Amino acid sequence: MSTLAQTTTPRGDGVTGTVTIGSYLATRLEQIGLKHHFVVAGDYNLVLLDQLLLNKNLQQVYCCNELNCAFSAEGYARANGAAACVVTYSVGALSAFDGLAGAYAENLPVILISGSPNTNDLGANHLLHHTLGTLNFHYQLEMARHITCEAVAITHPEEAPYLIDKAIRAALREKKPAYIEIPCNLSGAACSKPGPFTSLIETRKSDAASLTAAVGAAAGFLEKAVRPVLLAGPKLRAYGGIGAFRDLAEAVGCGVAVMPSAKSSFPEGHEQFIGIYLGAVSSPGCGEVVESADAVLAAGALFNDYTTVGWTAQPAEGKLIEVDPDRVRVGGATFDEVFLAEFLGALAKAVKRNPTTLVEFRRSKVEAGKPPVAMPDAPLTRAEMCRQIQEIIDPNTTLLVETGDSWFNGFNMSLPDGARFEIEMQWGHIGWSVPATFGYALGAPDRRIVLMVGDGSFQLTAQEVCQMIRLKLPVIIFLINNRGYTCEVEIHDGPYNNIKNWDYAGIVNVFNATDGEGRGLRATNGKELAAAIKQALAHSAGPTLIECTIDRDDCTKQLMAWGSRIAAANSRPPQRA
Ligand code: DPX
Ligand code: MG
């Protein structure tokens, strides 16, 4: 039941008249380009869900649990630029927080909306269900503050438009999640009508003097360098720098490497592309060029223990130009209030050409031959599986790769121009990929969506395959069954890396029940895999899951080399005082 208040004071933007708070929110979500929002129902949000349903331009999409709901929204934001999910108080929101924190780490504007207690219970001596059983109803908002760029709790209808806009505006500006809490008795209450959409968008301009100084310093630094190289990082896309980075690359004419989590940010078919930089496990020839460069311009980079391969591959500060979303550092000097895309665009006009690193790369480049085709009846290997997956990656494909050896299998794939790559390398939550692929597929309905996910990861969030079936999404899932946590085996082995085997191909029928059209297939050799892929490509009424059975130790050599370095970094003794 919704309770419509009779009068409110119109505010802001010269807009008069009222709508409900739920309908205000729906209009804002629509205005920022969302066609869907992800939902798990609960009694604290039911009236809000009714209100959102009234907006016919938004489709409500249901998830099996709130963790999956947040990851689905995260995947949708990757495809669509922003996303929203709606959950119930505490029991729902606290689960969603893990996925929301992932969106924070991955720079994605996901808006989490949580229903919350009736305003009459705040300050009354009332214990409420789904809470800690105390009179504290603020903890959820306080927790949300740590994993969002803006967290608001609506406590009165009059404040609702201001607070909703404040949260959405911050998320879009910062490319980080935001949190909105709406009491269950306010979603249907009246507030003023939404103003124009433009009031939500803030374009940030660099400080002019700081920008000029940063461009001058960086251009001078590059000009002095004998062997400059460019490195694309994962924040390049989030902060709108892909085009300007390419302009800069073409102006310098040098070698261009990408960090693994930035794969597909610079076209792999471009003549300046030299590969993936990941220290000792870089793609062939790339590591040597980046490490012998005397100037590395890293744009939107994220150097953590994983991406520096256990701190063995961090470019020295003295040769680094680090372009962050809102500041630039040149050889240790910092220029604040300089925004990434603006800086790259301005620098492209100020640099001199120096193709030395590209010439070096080409000189030492060994042309990779085509991988051999396995005997059709031989037990399936990782190499044969990857060879066949590679063949279906076309310019319209998005390849999503889950944490585990799927990361490294994905790094090794060559992407034609137009193909996209999605990875959650900073948060690294196993299980992210199944709901994220679901959300991504909704956000990019015209693309071919291919997921590579390990057996261990799949066990966390497998249920969301049923939503792909429900919405008839023709996603192709390669489930790599190597009977365990092979990635962890390469870092540090023990009995905890063995997992219970499942009938992964069979599980699809459980989700189909009587009305679904998902396909579950198993490939134990190359012939079966080829036949399964053929079926998957022809099947458009739902997802196809292909369980690929490979040996427990059949992993990439990059995973082995990377794992041993991560193990060494993890086992460093405590520092002495
Ligand atoms: C863990 C990881 O089977 O892939 O290729 O066999 O490794 P591989 P699987 O999906 O196994 C994944 C496993 C257990 N990481 O090897 S990478 C620790 C971990 C994590 N996230 C969460 N819990 C534990 N990354 C939520
Ligand atoms: Mg595994």
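Start at 1 and go down the list; that is how both ligands and their atoms are numbered. In this text the structure is predicted, and so the values were computed from the model without any measurement.
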Going by heavy-atom distance to atom 8 (P) of ligand 1, choose the closest among Thr486, Ile480, Leu479, Asp98. Thr486

Ring centre gap for Tyr76 and Tyr440 strictly below 6.0 Å: no

Return the CD to CG distance between Glu402 and Asn409, rounded to the nearest 0.5 Å. 13.0 Å

Rounding to 0.5 Å, atoms OG1 (Thr148) and OH (Tyr179) come to a distance of 9.5 Å

Can you list the ligand 1 atoms lying under 4.0 Å from a non-hydrogen atom of Gly404? 5 (O), 7 (O)

Here the atoms of ligand 1 under 4.0 Å from any heavy atom belonging to Ser457 are 9 (P), 10 (O), 12 (C)

protein heavy-atom neighbour closest to atom 3 (O) of ligand 1 works out as Asp455 OD1, 2.5 Å

The reported gap from CD1 in Ile491 to CE in Met560 (rounded to nearest 0.5 angstrom) is 13.5 Å

Are more than 12 heavy atoms, taken from residues, nucleotides or ligands other than Arg483, located less than 6.0 Å from that residue's CZ atom? no

Looking only at protein heavy atoms, identify the closest one to atom 7 (O) of ligand 1 and say how far it is in Å. Cys487 N, 2.7 Å

Quick one: which ligand 1 atoms are inside 4.0 Å of a heavy atom on Thr403? 17 (S)

Please state whether the rings of Tyr139 and Tyr89 are parallel, tilted or perpendicular, taking 30° and 60° as the class boundaries. tilted

Taking N, O or S atoms only and a limit of 2.8 Å, check whether Thr486 reaches the Mg ion (ligand 2). no

Of all the atoms in ligand 1, which lie at a distance below 4.0 Å from a heavy atom belonging to Asp405? 5 (O), 7 (O), 8 (P)

As an exercise, state the distance from SG of Cys85 to CZ of Phe71, rounded to the nearest 0.5 Å. 11.0 Å

Shortest protein contact, atom 4 (O) of ligand 1 (heavy atom only): Gly454 CA, 3.9 Å

Does the distance from a Lys or Arg side-chain N to an Asp or Glu carboxylate O, for Glu384 and Arg387, drop under 4.0 Å? yes

For the Mg ion (ligand 2), find the closest N/O/S atom belonging to Asp455 and write down its atom name. OD1

Among Tyr485, Trp432, Phe408, closest by heavy atom to atom 12 (C) of ligand 1 is Tyr485

What is the nearest protein non-hydrogen atom to atom 9 (P) of ligand 1, stated with its residue, atom name and distance? Gly456 N, 3.6 Å

Is the distance from the Mg ion (ligand 2) to the nearest N/O/S atom of Arg483 under 2.8 Å? no

Ring centroids only, cut at 6.0 angstrom: are Trp427 and Tyr104 within range, meaning strictly under it? no

Nearest non-hydrogen protein atom, atom 2 (C) of ligand 1: Glu488 OE2, 3.4 Å

Evaluation steps, salt bridge (Lys or Arg N to Asp or Glu O under 4.0 Å), between Lys557 and Glu490: CA-CA 10 Å; Lys557 63 178 192 312; Glu490 298 306 324; over 6 Å; no

Under 3.5 Å between some N or O of ligand 1 and some N or O of Phe458? no

How does Ile430 reach ligand 1, by side chain, by backbone, by both or by neither, if only non-hydrogen atoms under 4.0 Å count? both

What class does the angle between the rings of Phe421 and Phe411 fall in, given that below 30° is parallel, 30 to 60° is tilted and above 60° is perpendicular? tilted

Report, rounded to 10°, the angle at the Mg ion (ligand 2) between the two atoms OD1 (Asn482) and O (Gly484). 90°

Closest to atom 25 (N) of ligand 1 among protein heavy atoms sits Gly428 O, 2.8 Å

